[in-house]
Each structure stands twice: as structure tokens, then as C-alpha cells.
Novice: 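One structure is given below, represented as C-alpha cells, and several questions about it will come after.
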Amino acid sequence: MKKIVIAIDGHASCGKSTFAKRIAQQMGYLYVDSGAMYRAITLALLRRNAIVDGQIDTNILTQVLDNCTVSFRLNADTHLPETLLNGEVVEHEIRTPQVAAHVSQVAALPEVRQLMVRQQQLLGEQKGIVMDGRDIGTAVFPNAELKIFMTAEPRIRAQRRLLEMQAKGETMSLEQVLASVVERDRIDENREHSPLRRANDAVLLDNSNLTVEQQMEWVMRIIAERTAPKHNCC
Ligand code: CDP
């Protein structure tokens, strides 16, 4: 079976990473959470107090981009991928509401995108990769063999995110989570550089009323078609 690149883009909190991880597991592919890379850079900036009143200090930004390495490794106990910032595991820190509140602003900066996209393209050189994000099918891997654009109704997405946060002991109201999700979409769709868009050749997946199992059945059928060797016609 030939190895392919699977690009998954879509709105905030619609389950892209859960879906992408399951596909990667089933296919034996590498999974890369491109959002985690933007979150890690945001965390590095917040730690250095580089974001004040919505303004990002450009000198600190340059230093952070010159000195920060984001990488991934598989946790030996959980078998789940973890994000590392300069070798430190930051998987939990990058998922806080504070990082979520600033990440879309940081991800809109062209110098941040340039660096991240270059690193993401290197990771996909050997194919056999599932990457999720906002610009994977449009900018990172425009020639991906399979592109999926995911969405779900905003309130359903907010409910799912709220459950995740409650499981971690964080308290926020549904309305607050909904506002954050909608605001992130607004910034992602309207930014100048690589805005969130459905690529012309992306398959649309609205999972508002689908279980993960139903999504998996749907996608595995498509993957089987895209990885099948092409027959020479008679
Ligand atoms: O919360 P969710 O899992 O939907 O978001 P994420 O994948 O962790 O990404 C966090 C933020 O990073 C997004 O809201 C985007 O602003 C930005 N991002 C991006 O600009 N490009 C990507 N390829 C991935 C994420």
C-alpha cells in the first residue's frame, strides 16, 4: 500500500486531533499536531511576558523564534504524542485558556508561520503522515493525497471543549468557551497570511452528529481508495 499525506483542517475544537490521532494509529503513520507548535511558541512568549495588552514585543518574538525548538515524542506510558519546547514537556501548559486566548494572534504573524510551515514540511517529506491544523491542505501540503475539512456547529464544539476542560478541573461557562471558539475561528478565517479555508479538493466532514467510530468508518473507506495502487486500464 502506498504511503500518503493526510491533511486535516477545520474550525476550532471540532475534534481534529482526536480524529487525526486515530487515523495515524490505525495506519501506522506519524501524527503531527501543528496547532501544538503554535501553542508552544505562544507559551514561550507568555513566559517571557512578551504579550502585553494584546501587543507582542517584536524583539522578544525574534529571540523566541531564534531559540525555541518545538518537537514531539511518544509518551512511553500513555502511548500518546507529547509536545516539547526546548526539550521540556509542555503538553499541559499549552492547553490552558491563557494560551488559547493568545494563540490565534501569534499564529497570524507571518514570521511565525514561515518558520512553522518549513518545519512541518520537513516532517512530511517521507509521507506516511497525518497532520491537523488550519492551513495544512492549503499551504503546508497543497499536494496531499487526502485533504479533509472538518467542522461542526459552534455550540456543539463548545460543549465538547467544555467537557474536556471540566475533566481537567478547569471551570469556565459554556458561553465563555463558545465565545473563545468563535473568536478563534474569526481570527483564523480573516487573517492575511494563510487564512483558514477549505481547499478546493478537500472532502467536507461535518461531525456535529457523528461519533468518532462513524467518522473512522467513513475515512477508512476513503483512505483505502486513495492508497490503492492505480490499475493499468486495459
Ligand atoms: O483548539 P484546536 O485544537 O482547534 O486548535 P489547535 O489545533 O490547537 O490550534 C490552535 C490555534 O493555532 C488555532 O486557533 C490557530 O489560530 C492556530 N493554528 C494555525 O494558525 N495554523 C495551524 N496549522 C494550526 C493551528
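In this text, all values refer to a predicted model and were calculated from it rather than measured experimentally. Note that these values count all heavy atoms, side chains included, but never hydrogens, waters or copies made by symmetry.
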Novice: Begin with the C-alpha distance, continue with both residues' side-chain angles, and end with the deciding distance and a verdict on side chain to side chain contact (heavy atoms under 4.5 Å, CB included) for K127 and K2.
Specialist: CA-CA 9 Å; K127 300 210 176 212; K2 72 169 181 181; over 6 Å; no
Novice: Test your reading of the model: is there a side-chain donor-acceptor pair from R198 to the backbone of A202, 3.5 Å cut-off?
Specialist: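 Between the backbone of A202 and the side chain of R198 there is a qualifying donor-acceptor contact (under 3.5 Å).
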Novice: Could you tell me if T151 and H11 have a donor-acceptor pair between their side chains, going purely by distance under 3.5 Å?
Specialist: yes
Novice: Quick check: is Y29 connected to L123 through a chain of hydrophobic side chains (ILVMFWY, heavy atoms under 4.5 Å apart)?
Specialist: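 Cluster IDs for L123 and Y29 differ.
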Novice: Just by distance, with hydrogens left out, do Y38 and R113 show a side-chain donor and acceptor under 3.5 Å apart?
Specialist: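 Side-chain D/A pair, Y38 to R113: present.
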Novice: Salt bridge check, D185 against R157: does any charged N sit closer than 4.0 Å to a carboxylate O?
Specialist: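 Yes, this pair counts.
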Novice: Taking 4.0 angstrom as the limit, do D33 and K21 come out as a salt bridge?
Specialist: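 No, this pair does not count.
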Novice: If I take atom CD from residue E189 and atom OG from residue S104, how far apart are they, to the nearest 0.5 angstrom?
Specialist: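 Here the rounded value is 10.5 Å.
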Novice: At their closest point, which heavy atom of A12 faces which heavy atom of V181, and how far apart are they?
Specialist: O-CG1, 4.0 Å
Novice: Would a distance-only check, ignoring hydrogens and angles, find a side-chain to backbone donor-acceptor pair under 3.5 Å from N75 to T78?
Specialist: yes
Novice: Tell me, yes or no, whether the heavy-atom count around N200 atom CG, taken from other residues, nucleotides or ligands under 6.0 Å, exceeds 12.
Specialist: no
Novice: Looking at side-chain heavy atoms only, is the closest gap between L205 and W218 below 4.5 Å?
Specialist: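 The answer is yes; the side chains approach within 4.5 Å.
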Novice: Between L146 and I136, is there shared hydrophobic-cluster membership here, with clusters defined by ILVMFWY side-chain heavy atoms closer than 4.5 Å?
Specialist: no
Novice: Should V219 and F19 be marked as a side chain to side chain contact (heavy atoms under 4.5 Å, CB included) after you check the CA-CA gap, both sets of side-chain angles, and the distance that decides it?
Specialist: CA-CA 10 Å; V219 80; F19 187 43; 3.6 Å; yes
Novice: Is the closest side-chain donor-acceptor distance between R48 and Q63 under 3.5 Å?
Specialist: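 A donor-acceptor contact under 3.5 Å links the two side chains.
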Novice: A side-chain contact here means heavy atoms from C-beta on lying under 4.5 Å apart; do I6 and I223 qualify?
Specialist: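 In short, these two side chains touch, coming nearer than 4.5 Å.
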Novice: Please assess S13 against R184 for the test side chain to side chain contact (heavy atoms under 4.5 Å, CB included), listing each intermediate value before the final yes or no.
Specialist: CA-CA 10 Å; S13 302; R184 262 193 309 133; 3.9 Å; yes
Novice: State whether R95 and E170 are salt-bridged, where the test is any N-O pair (Lys NZ or Arg NE/NH1/NH2 against Asp/Glu carboxylate O) under 4.0 Å.
Specialist: no
Novice: Can a salt bridge be assigned to the pair R47 and E88 using a cut-off of 4.0 Å between side-chain N and carboxylate O?
Specialist: yes
Novice: Please step through side chain to side chain contact (heavy atoms under 4.5 Å, CB included) for the pair L61 and V112, ending with a clear verdict.
Specialist: CA-CA 9 Å; L61 175 66; V112 174; 3.9 Å; yes
